[in-house]
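Take a look at the structure below.
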Protein chains: 2
Amino acid sequence: MVQKYGGSSVANAERIKRVAERIVAARKSGDEVVVVVSAMGDTTDELLDLAHQVSPLPPGREMDMLLTAGERISMSLVAMAIHNLGYEARSYTGSQAGVITTSAHGKARIIDVTPGRLRSALDEGAIAIVAGFQGVSQDTKDITTLGRGGSDTTAVALAAALNADVCEIYTDVDGIFSADPRIVPNARHISQITYEEMLELAACGAKVLHLRSVEYARRANLPIHVRSSYSDKSGTMVTGSMEDLPVEMALITGVAHDRSEAKITIVGVPDTPGFAAKIFETVAGAETNLDMIVQNVSTEGTGRTDISFTLPKTDGPTAMAALSRIQELVGFKGLLFDDHVGKVSLVGAGMRSHPGVAAKFFAALGEAGVNIEMISTSEIRVSVVCRDTDLDKAVLAVHEAFELGAETAAVVYGGTGR
Amino acid sequence: MVQKYGGSSVANAERIKRVAERIVAARKSGDEVVVVVSAMGDTTDELLDLAHQVSPLPPGREMDMLLTAGERISMSLVAMAIHNLGYEARSYTGSQAGVITTSAHGKARIIDVTPGRLRSALDEGAIAIVAGFQGVSQDTKDITTLGRGGSDTTAVALAAALNADVCEIYTDVDGIFSADPRIVPNARHISQITYEEMLELAACGAKVLHLRSVEYARRANLPIHVRSSYSDKSGTMVTGSMEDLPVEMALITGVAHDRSEAKITIVGVPDTPGFAAKIFETVAGAETNLDMIVQNVSTEGTGRTDISFTLPKTDGPTAMAALSRIQELVGFKGLLFDDHVGKVSLVGAGMRSHPGVAAKFFAALGEAGVNIEMISTSEIRVSVVCRDTDLDKAVLAVHEAFELGAETAAVVYGGTGR
């Protein structure tokens with residue numbers, strides 16, 4: 001099996017020793033074990049800080065070289081702790097483990113995995129410890145990173161390449177819940193969820209799994225088990241397709257929310273074919289990821305319209321700068337930047353066959369006094385943008401309206417799921 | 001040229017930026033520049049501390065994986081700082097730079113250097129930054145380290161492989177002095193020294209250059225320029241053989257001292273052929289490095305003798321444990337461990353043709369009231385072991401007796417040398 005431990009699970013020597021015990025327990029039970037680790041606690045942030053002390057705009061190649069020191073430290077310490085328990089463990093960098101990527105520094109994508117050295121280590125009875133989040137570029141042979149949260153993707157990719165039965169992702173919660181338990185005390189633990197639902201939840205702000213890792217697992221049809229590194233409880237199994245779901249399945253999986261986005265509004269865009277395209281080409285050229293887009297109906301008689309879209313807050317300055325450079329060319333009137341928005345989303349495979357879900361969702365928000373600013377939907381999701389100050393209220397109201405709660409509070413994990 | 005910067009030269013962001021300026025200045029003057037860096041300041045000690053929190057006896061392979069994170073951080077930061085000055089710089093791990101070693105973790109030796117990637121970087125006009133102290137094992141492809149101070153050796157090995165004119169070793173002093181200026185205020189700056197003399201000084205406790213790097217440079221006939229990273233003054237050039245020295249050269253180069261050794265005495269060893277060999281086989285088997293050895297004349301009538309030797313203090317516990325295991329077999333009476341000894345050495349190529357040097361050395365120590373416990377000599381060196389509390393007094397007395405002082409104090413570097 002492949003296990004992945006995040007930064008908080010290996011934040012200090014004590015936790016590393018506890019993780020080592022868990023790994024050895026899996027090995028004792030007869031499994032071949034490959035472990036993927038993130039950097040310890042705040043290491044990545046500390047290294048970023050050092051880089052910015054040295055250079056305001058560090059080159060990507062060197063940034064990746066720097067950041068990959070983080071997993072190098074955690075993985076060798078985990079290997080040492082396992083040795084100490086009498087088991088053979090060997091640590092491998094992404095490059096040594098055969099994680100071959102594109103050369104896009106800071107956001108490389110895995111092209112191939114050639115786990116020959118891991119296979120040999122396993123065949124010799126050793127436990128293999130692998131640095132998450134990193135690989136080596138196929139073209140330049142330079143060290144690359146997969147972007148934040150990339151260790152989940154490393155774990156899934158290795159599990160797929162090694163034909164593992166399951167990829168266990170250890171985190172600080174017991175799995176996926178019907179809503180964030182910090183907002184909804186009786187949020188229900190979900191014991192199983194399809195890839196499609198998990199993708200929607202991850203895209204809508206659920207932090208537990210990295211989006212790309214779920215996409216990778218779906219393609220490889222590899223089950224992901226999300227569980228807590230602090231308990232032995234069973235977590236959430238991400239597996240199976242919506243097509244295979246029984247008819248009597250639950251309508252709704254859960255409510256996700258996201259505070260990390262901002263909204264940009266372009267005011268008074270000439271309502272002429274091609275101008276909207278020009279605007280979104282510009283934003284894409286600035287390498288920002290758009291989420292929701294809304295174009296208002298042209299205000300009568302003016303021949304002009306407003307276009308709003310959401311994007312990660314951190315991409316805001318770049319996008320605003322790029323847009324202001326084309327203001328004269330496109331001839332729009334102004335730009336507004338709003339980083340006090342929040343997004344609440346309802347996700348559920350059953351939504352496909354139940355047309356009333358969206359109406360009930362909007363009604364619940366209306367009754368709670370939440371003003372809806374933007375709407376987007378997919379086959380199994382409906383999302384709205386509202387004021388960030390209304391976000392908790394919105395999550396609670398929707399969770400309650402769809403009766404998603406467990407009978408007991410989330411801290412006493414029922415484990416019933418759907 | 002190849003430049004090497006030690007840990008204190010890259011201890012923080014400010015110093016890294018200053019080092020970057022110096023590197024860019026060398027590049028501007030038209031030279032191709034390869035830079036070898038150590039880990040920042042106390043990084044190595046902090047990583048060692050982490051390792052010991054996790055495991056009392058970490059495996060060498062994992063220790064090397066851990067420690068090599070240190071140079072990875074410093075080298076990428078140096079490359080970033082150079083970029084910031086408008087020059088192209090690329091950092092390379094020891095493995096990427098082609099530093100091929102034995103597989104002896106923690107004390108690997110360089111077998112070969114295949115600097116293809118460095119050559120390409122230089123050909124493309126880039127400055128290459130290389131992690132010191134590390135390489136990759138020829139057999140196992142595992143990451144190795146060369147042992148403390150190994151970055152000097154990395155720099156010399158790369159300079160030799162790239163046919164550089166000179167290897168500049170930057171440190172926090174202006175070069176080599178006739179004695180430690182902290183003990184002898186008027187110690188004289190040495191502008192040039194032969195490889196042989198530098199080897200003797202390094203072996204006798206002079207910390208400025210790593211012994212193995214001098215051996216490597218001598219084999220490659222590569223000049224080493226030891227200089228300060230805080231000034232533009234010319235430092236000490238290590239070059240040339242004793243054979244090439246002019247006849248009118250100075251008799252004595254300098255006085256070295258060493259506080260890092262301890263003395264073990266084996267009491268009452270049967271004076272029978274083979275027993276001494278057994279003892280030193282045992283110590284060698286414990287992988288300790290012996291320095292001086294003295295066997296007393298057999299005490300009349302007893303058929304027994306005492307054997308004393310010195311070794312690094314840190315190897316003391318291992319050697320004592322190994323020896324006590326053979327006490328019964330060899331039949332000696334007891335073991336003494338003394339870590340309050342010091343060693344003072346006089347080094348000079350001119351010593352070969354001047355038989356009176358040793359006598360004058362012992363006389364100076366006698367007049368200063370220093371009791372001599374052990375003596376060893378080479379063609380160009382004489383060393384004694386004394387009480388550690390007598391060490392400063394001994395260094396001062398010898399330095400004075402041979403009139404090695406500059407007319408001004410060492411802080412106002414005369415730069416005259418010998």
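Just so it is clear: chains get the letters A, B, ... in the order the sequence lines come, proteins before strands, and each one is counted from 1. Scope of the values below: all heavy atoms of this structure, side chains included, with no hydrogens, waters or symmetry mates.
Within the 3.5 Å criterion, the main-chain N or O of A:Arg90 finds no donor-acceptor partner in the side chain of B:Arg61. One N or O on the side chain of A:Glu62 and one on the backbone of B:Ser91 form a donor-acceptor pair closer than 3.5 Å. Side-chain atoms of B:Lys17 come within 3.5 Å of backbone N or O of A:Gln53 as a donor-acceptor pair.
Using a 4.5 Å cut-off between heavy atoms, B:Leu47 touches chain A through its side chain atoms alone. With a 4.5 Å cut-off on non-hydrogen atoms, A:Thr140 touches chain B through its backbone but not through its side chain. Heavy atoms of A:Gln96 lying under 4.5 Å from chain B belong exclusively to its side chain. Proximity to chain B (any heavy atom under 4.5 Å) is shown, for A:Leu66, by both the backbone and the side chain. Residue contact with chain B, scored on non-hydrogen atoms closer than 4.5 Å, involves the backbone and the side chain of A:Leu50 alike. Contacts between B:Leu77 and chain A at a heavy-atom distance below 4.5 Å involve backbone atoms as well as side-chain atoms. Contact annotation for A:Ala89: only backbone heavy atoms (N, CA, C, O) come within less than 4.5 Å of a heavy atom of chain B. Of the atoms belonging to A:Met63, heavy atoms from both backbone and side chain fall under 4.5 Å from chain B. Contact annotation for A:Thr68: both backbone and side-chain heavy atoms come within less than 4.5 Å of a heavy atom of chain B. When heavy atoms are compared at a cutoff of 4.5 Å, A:Asp142 approaches chain B by way of both its backbone and its side chain.
For the residue pair A:Pro59 and B:Met80, the shortest heavy atom distance occurs at CD-CG, 4.1 Å. In plain terms, the two heavy atoms of B:Val54 and A:Asn84 that are nearest each other are O-ND2, 3.5 Å. Closest of all the heavy-atom pairs between A:Lys141 and B:Arg117 is O-NH2, 3.4 Å.
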Practice task
Mind running side-chain contact (heavy atoms from CB on, under 4.5 Å) on A:Ile73 and B:Arg72 for me, showing each step along the way?
Solution key: CA-CA 11 Å; A:Ile73 294 170; B:Arg72 193 179 192 90; over 6 Å; no

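Among B:Met40, B:His83, B:Glu14, the residue with the largest count of heavy-atom pairs under 4.5 Å with chain A is B:His83. Contact tally against chain A (heavy-atom pairs below 4.5 Å) for B:Ser95, B:Ser74, B:Pro56: the top residue is B:Pro56.
For A:Arg18, the CZ atom counts as loosely surrounded, since its 6.0 Å shell holds 12 or fewer non-hydrogen atoms of other residues, nucleotides or ligands. Heavy-atom neighbours of A:Ile111 CD1 from other residues, nucleotides or ligands within 6.0 Å: above the threshold of 12.
By the 4.5 Å heavy-atom criterion applied to side chains, A:Met65 and B:Ile129 are not counted as neighbours.
Within the model, atoms OG of B:Ser55 and CD1 of A:Ile16 stand 11.5 Å from one another, a figure rounded to the nearest 0.5 Å.
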